[in-house]
Amino acid sequence: MRQKEISLNIRPIKPVDDEDLGDDHVMSSIETPLRPDAFEMPDEDKIQRIEKHFYDIMQILGLDLNDDSLKGTPHRVAKMYVKEVFSGLNPKNRPHTRLFDNKYNYDQMLVEKDITFYSHCEHHFVPIYGKAHVAYFSSGKVIGLSKINRFVQYFAKRPQVQERLTVQIGKEIERVLHTEHVGVVIDANHMCVASRGVGDTNSRTGTAYFSGKFTDENIKREFLNYINSK
Ligand SMILES: [Zn+2]
């Protein structure tokens, strides 16, 4: 992926106070829209049903499903949807976290950068992929560094819009670490822009979430400088 300077021009998504979460409009923009009965059906049944429907889609497109190469595709796609690329819809797959005391009394910014992720655009069901950069100030607790990566993957494995993915990661890090100081920057390629529609293969999309100390211009700059450093 081409590296480009990430500048302060990224328009930050305004952090939302928890009190605002009761508001329907805000809620629908931050939470993935799911039906209340979303996980009543067992995964195995979901795979079976999606397989049937995907078989129909391929059939309608005129593909010969007796062909050896195509025969297994409906099942492969269904299994991939439920068990892999959309597994982050199911709360049972949310990463478990263990908090550790911040024994070293480290009170500076911690940055986990260049976290590669693969997601899917919820408008076209084609890949969004890119890098996420996550930073926070500890409130006395820390988590294993790989957990930050796992949270990114969890929220990426849903049909997404990049803005929501960014806020969901930021909010989750705040919640898990009991901190108000979180920065998230995502730089991504959208296949729905690159491979269809306007067909622009070079454009990338930047989104950011800054809360607490990260709304301070100096702190923000320190974070962005580190992301841009090799
Ligand atoms: Zn799209």
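As the structure lists them, so they are numbered: ligands from 1, and atoms in each ligand from 1.
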Relative to Y154, does R158 satisfy both conditions: NZ or CZ under 6.0 angstrom from the six-membered ring centre, and within 45 degrees of the ring's axis? yes
Show me the donor-acceptor pairs, under 3.5 Å and distance only, between side chains in residues 53-80 and residues at least two apart or in other chains.
residue, atom, partner, partner atom, Å
D64, OD1, N66, N, 2.9
D67, OD1, S69, N, 2.9
D68, OD1, K71, NZ, 3.2
T73, OG1, L70, O, 3.2
T73, OG1, R76, NH2, 3.2
H75, ND1, E51, OE1, 2.8

Are S119 and Q162 side-chain neighbours, meaning at least one heavy-atom pair lies under 4.5 Å? no
Polar protein atoms near the Zn ion (ligand 1) [N, O or S; cut-off under 2.8 Å]: C121 SG, H124 ND1, C192 SG
Could you check whether atom CD of E180 has more than 12 heavy atoms from other residues, nucleotides or ligands sitting under 6.0 Å from it? no
Tell me whether K220 forms a cation-pi arrangement with F214, defined as NZ or CZ under 6.0 Å from the six-membered ring centre and within 45 degrees of its axis. no
Stacked cation flag K113 on Y226, 6.0 angstrom / 45 deg: yes
